[in-house]
Every structure is written in structure tokens, then in C-alpha cells.
Number of protein chains: 2
Amino acid sequence: MAHRVPDLAALELLLAVARLGSLGRAARELGITQPAASGRIRSMERLLGVALVDRSPRGSRLTGAGALVTDWARRIVEAAEAFDAGAQALRDRRDSRLRVVASMTIAEYLLPGWLVALRARWPDTAVSLLVGNSAVVAERLLAGEADVGFVEGIGVPAGLDGVVVAQDRLVVVVAPGHAWARRRAPIGAAELAASPLILREEGSGTRAVLDAALGGLARPLLELSSTTAVKSAAVSGAGPAVLSELAVGEELAARRLVGIPVDGVRLRRELRAVWPVGHVPAGPVRQLLSLTRGVG
Amino acid sequence: MAHRVPDLAALELLLAVARLGSLGRAARELGITQPAASGRIRSMERLLGVALVDRSPRGSRLTGAGALVTDWARRIVEAAEAFDAGAQALRDRRDSRLRVVASMTIAEYLLPGWLVALRARWPDTAVSLLVGNSAVVAERLLAGEADVGFVEGIGVPAGLDGVVVAQDRLVVVVAPGHAWARRRAPIGAAELAASPLILREEGSGTRAVLDAALGGLARPLLELSSTTAVKSAAVSGAGPAVLSELAVGEELAARRLVGIPVDGVRLRRELRAVWPVGHVPAGPVRQLLSLTRGVG
DNA sequence: ATGAGGACATAACCTGGGCTTATGAGTGCT
DNA sequence: AGCACTCATAAGCCCAGGTTATGTCCTCAT
């Protein structure tokens, strides 16, 4: 698989060429020499079997295929940037200026994007990240070992203040081929509770919200231990699944999964930024919050 | 940037270790030796500055940080698979069994996912891909140079039959900091037509749909020549933008953009699979359609 | 207890991709 | 004409990452 996809450096080079219109300028921007860039693009074209750029004595322009490939490449590079931002935070365990402690869902799906944005606007803010459930978040904040926390759930842990930064909604999804994908009427609470569903295991946050909403009645068709596994099962048509909207945003947009409207069930939960009471967010914390809520 | 992100082979190895629970088995699956896998994981941990797997004499299990990193890595690998599927199709432009011609939006956002699924289920189907507007799609199909086409828009070009495979909806989006992000009431047609918007250039499919819906009245604040540019401008807070839901699914899920409800304007458009009249879809075409509509 | 087997680590060696510098050739502006 | 810009080619160097061969540790079955 990896054999047929150019490496990240090559993809970034391609994006730079697309943006700057010249191999040489792209090379300079990436800190390599022009022949290196030339060779890299050439070997990428050989790998893909498609001409990507039109060279001319006064610059290089993408071919039609090149434009398409560049768009696919951009997806990879963006995912890599999110990875990098998250990894960077994970690496700087202590002694960094902004210490974040967050729940798994937020750390997985939201934080990388925020960190990319944070670094774009305030490149000098060093961020560290710790992952844990609500209890861990509260403990670290109150011990002064973290500057800001993110939790999902109904309330704010004792001793903390907070604001809602996002809504998470659980959604019922099925593969496009499933019978439910063609129904017009929303599903009611009773029917949902009676239907066997693909779910996270008991004890997970997602499962807890669903059980609470239904009154502890969710019937498992499959119980899987990771969000990804649930998603894969649903995509492959095993049955209806209940998942965080955050986890399936891409699948819904691409129609690999279809969302089924639900009626009479409260499947929202708030995602909150939290901090010790009295500690008014300032400095880096405020910067981060401004990105998540758009108040800055 | 690329310096701090492991290469794709390393990320795939990490996913394999997570799945199989053993360095050696993961190595075997990827066709390399155990010491190579061991070294690769080690150098990845050195690069990230975080322990990713717990080695024991009876297997390897992910650490907490490792699980998080693995999830981020999965995003990159999935993007790479889509890239590969698209590139493969582009490469086999000639002499292949399933020749697809599609519009830009579909080729960029939907086809890669379909092709990954197609290859997973029918690995021997060689796919080729050509991109063009509706006229090009019709021309190729009628000339017998393509087996199936995908178009976006209101109707089916003359001489072709088709089915709707997905709905595309134009959405109005703003950055979370924009004033509209906090309004409760939907925007009406008149207000939308009166507001300066970030738009694709005139002549693009997206712009055509918007102009038609508003009666040719859209007021540009910025006119940009690519979907990506419009998206970037909107994310950076330049103003409200109108974009295909497909293009912003990820940004909406991650709350980098906020969708504004619109009232009284028909912003849907159908995405259709098309073929020459009389040509009942069969073989590979039918396989592909079964993935897009879930009827197979 | 003791030996077999699996899993990971270490060591020594080898190969090739990708970088660099140096240079040539085509185009257009002044 | 000549400068300034583009990209291509050639020759040489370096090291990341692979391989084979071995060592250590644990567990399980005889």
C-alpha cells in the first residue's frame, strides 16, 4: 500500500509547487535544492504513471491529473499536520506553557485541529497533552498540574468552572444499503430501544449517554471496544450503530454512512472547557478557547 | 513538518501492531522481518518522544499515548488509501475494464472512497478515471470511451439515463467567531442574496446552483478559483461562504466551520450516475453503483 | 526441572534512494 | 546582446532502513 503512495515530503513539495508555480521556488521554500525537487517530482510521476506538472522555461503549472492528485495529497498532508500537532503536545509532557488534559473523544477528534490552528496563530505556545476521564481532568486541574481541561458529559465536576465549547450529538447510522436508509419517518425512542444496535462496550462514555437517554435499555447486536471498530462494522452493513457525530462526520459527508433521524430521545451532550473556580482563563488558555469558541 | 511525522510505512506498521498485538506478526503481515519492525517502531518512538507500545515476552500492546497516536495515524493512512485508489484509477486510464468519467466535485470527494471499497470487494476490477464537466461526461459516454459517468446538476444530459446516487447540498458556513454563528433564526433568501459572500468564480457548478436558487443575485465578497481557497478564506474568518456540504463535512464535524440554516432557498442538487440510454448497468458498472447506492 | 518455542533486542553488514554541487540549455525582458 | 529566470542532467556522497545471525527473557508442556 505504502509502496504506491509518495512520502509526505513529496506530497508537501507537490502542494508547494501548485501554490508557487515553480519547482525552484517550491524547493527553496522547503529548504532543498532545485534539482532535488525536480527529481522528487519526476520520481513521483514515475510512481503514479501520470504527468503531474507542465514544465516550461518560465514556471511549472499543474496538469489536470496533477490538480486532482494535489487535492488528494492535501487530505493526507492535513491529516499529517493534525498528527504532528497532537504528537507535539503529547511529547512535551511537562514544563510547557499550556498544559491541557482532555477526554479521549476530544483528544482524538477535536484537539488536533485546534492545535494546528493554535500553532498557526501563536507558533511559540508550547502545548502538552494528557488524556483521561472526567475524574482525572478534575484531579490534574485542582492539583495545578494542568491549565485547562476538556470534558464531555452532563455537568461540570466539583471545584471547576467551565463553558460549553461544542455540542456532541450521538447519531444513529446505517450503511446506505440498510433498510433504514430508505425510511422516511424518524425512529422513536421505543423502536430504538427495541432494535439490536452496534455499540461501544458498557462503561464507555458513548454507551452511558445512550443508556441514560433510553433508560438503560439499549440492546446490543455487537459490542465493540473502539469507536473505529463500531464504525467499520456499520460501514460494512452489519447493522445500525450509535456513534458520536464527531466520529462519523466524514463518513456521513461521503455517504458511506447514512444518518437516521431520531425522535423523542435526547442524544446531545455538551463538550466543555473547564478550569479551577476563580481561575479566569487568560494567556494561552484564552488563546486556545478563542479558537474553539471563536470569541477571540 | 514532514520531519516530525513518521512515514506511511511506519504508520501502517503501527496499525498492524495495534491490530495483531505483536511486532513479529505485524512484520510478517507487511512482508518485512521482525528486527526491521522493531527498529521502525523504536525510531518512531524516538521521533515522537513518547512510548507507543508495551513490549513483553508474550506480545506487544499499545500504551495510552500509543492508542491515541494510532487513531491519528489511522486518519493519515485512510487518506493515503483514498489517494492510492484515485491514483490507480488515474494510472489505468487506458485499456481497463471500468472507465469512469466524473465531475470534479465527485471525483475529489466521493470517488476515492468508492474506489477503495470497490477494490476491497472486487480487487481485480481495474478502474480508470477521467475528470470533466457534464458536457465532457456526455461526450465520452456517447462515444463509448467511458462505461459510467457521474454528474452534478439538475437534469440528465440528452442521450443518457441515470439514477441519483447522492444528494449534494450547498451550505452557508462561517468561522465560529463570525456574528452569524450565534444567530438563532435561519437566513432568508433575501438576506442571503443581499450579503456579500465568499464564492467560487462564475461558471463553476457550485456558483451556478447558488445563482439559480437566488435568481442570479449572489453578491461576491471574494471570488476564488478553487473550493479549497474558499474553504480557507471562510475558516480564517474572512466572511460567510457557500460551499458543497461534501467539501466541508470534516470542518463542520470539527467545528472549524459552523453551518448556518437557510430558509426558503432550494440549495440541493442531485449527484447522478449516468450511462447511455439502453445500456443497462451490468458487470463492473453495477458493482460500483451497488457501492454508491447500497442496492447490491 | 528442563528444554522447546515465541517474542523482542542487539550487532554487523549492505544497498539504494535522495541529497548536494556543478553545469548546460531554453525563454523572455531590458 | 546579456542578464535573470526557468528546468534538466551528471557525478559523487551519505545514511536510513533493510537483511541475516544471534542473544535474552519469559511461559508452557513434558
Side-chain angles (χ1 to χ4, degrees), chain A residues 1-63 65-66 70 73 77 80 84, chain B residues 1-63 65-66 70 73 76-77 80:
Chain A
M1 176 64 50
H3 328 90
R4 338 198 83 172
V5 179
D7 62 37
L8 282 168
L11 298 178
E12 286 185 320
L13 176 62
L14 181 63
L15 296 186
V17 170
R19 184 158 37 82
L20 300 173
S22 149
L23 288 185
R25 235 175 309 157
R28 235 169 296 138
E29 181 174 271
L30 299 201
I32 60 177
T33 59
Q34 172 265 319
S38 184
R40 228 173 207 304
I41 295 284
R42 177 175 311 285
S43 72
M44 186 150 73
E45 289 177 318
R46 194 154 26 87
L47 181 71
L48 300 181
V50 173
L52 298 175
V53 306
D54 263 337
R55 286 93 159 155
S56 89
R58 63 185 188 291
S60 294
R61 203 70 219 130
L62 291 180
T63 64
T70 300
V77 171
D84 184 33
Chain B
M1 175 65 47
H3 329 92
R4 338 197 83 170
V5 179
D7 62 36
L8 282 167
L11 298 178
E12 286 185 320
L13 175 62
L14 180 64
L15 296 186
V17 171
R19 184 158 37 81
L20 300 173
S22 150
L23 288 184
R25 231 168 321 151
R28 235 168 295 138
E29 182 174 89
L30 299 201
I32 61 177
T33 60
Q34 172 265 318
S38 185
R40 225 171 210 304
I41 295 283
R42 175 174 312 285
S43 71
M44 184 149 74
E45 289 177 318
R46 194 155 24 89
L47 181 71
L48 300 181
V50 173
L52 298 175
V53 306
D54 262 338
R55 286 94 159 155
S56 90
R58 63 185 191 290
S60 295
R61 201 72 219 127
L62 291 181
T63 64
T70 301
I76 302 181
V77 170

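Worth knowing before you read on, the calculation uses all heavy atoms, side chains too, and leaves out hydrogens, waters and symmetry mates. All of these numbers come straight from a predicted model, not from anything done at the bench.
- Mapping Gly59(A) and Pro57(B) onto DNA chain D via the closest heavy atom, the residue that lands nearer the 5' end is Gly59(A).
- Contact check for Glu12(A) versus Glu29(A): no side-chain heavy atoms found under the 4.5 Å cut-off.
- Here the shortest heavy-atom pairing between Leu13(B) and Ala26(B) reads CD1-CB, 4.0 Å.
- A sub-4.0 Å separation between OP1 or OP2 of dC25(D) and a side-chain N or O of Arg55(B) is absent.
- Nearest approach of Gly24(A) to Gln34(A), heavy atoms of both residues: CA-CG, 4.1 Å.
- Across the protein-nucleic acid pair, Arg42(B) atom CZ and dG18(D) atom C1' stand 16 Å apart, rounded to whole Å.
- Checking the phosphate oxygens (OP1, OP2) of dC7(D), a side-chain nitrogen or oxygen of Ser60(A) falls inside 4.0 Å.
- Atom CZ of Arg61(A) and atom P of dT6(D) are 14 Å apart (whole Å).
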Test side chain to side chain contact (heavy atoms under 4.5 Å, CB included) applied to Leu52(A) and Val17(A), step by step
CA-CA 10 Å; Leu52(A) 298 175; Val17(A) 170; over 6 Å; no
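- Minimum heavy-atom separation, Leu47(B) to Pro6(B): CD2-N, 3.7 Å.
- The shortest distance between side-chain heavy atoms of Leu8(A) and Asp7(B) does not fall below 4.5 Å.
- Nearest heavy-atom pair, Met44(A) versus Leu11(A), reported as atom, atom and distance to 0.1 Å: SD-CD2, 4.4 Å.
- Think of the region where chain A sits on DNA chain C: with heavy atoms and a 4.0 Å cut, that region ends 5' and 3' at dC19(C) to dG28(C).
- DNA chain D is contacted by Ile32(B), Thr33(B) of residues 19-34 of chain B, taking any non-hydrogen atom closer than 4.0 Å.
- Scanning all heavy atoms of the two residues, the minimum distance from Ser60(A) to Leu23(A) falls at OG-CG, 3.8 Å.
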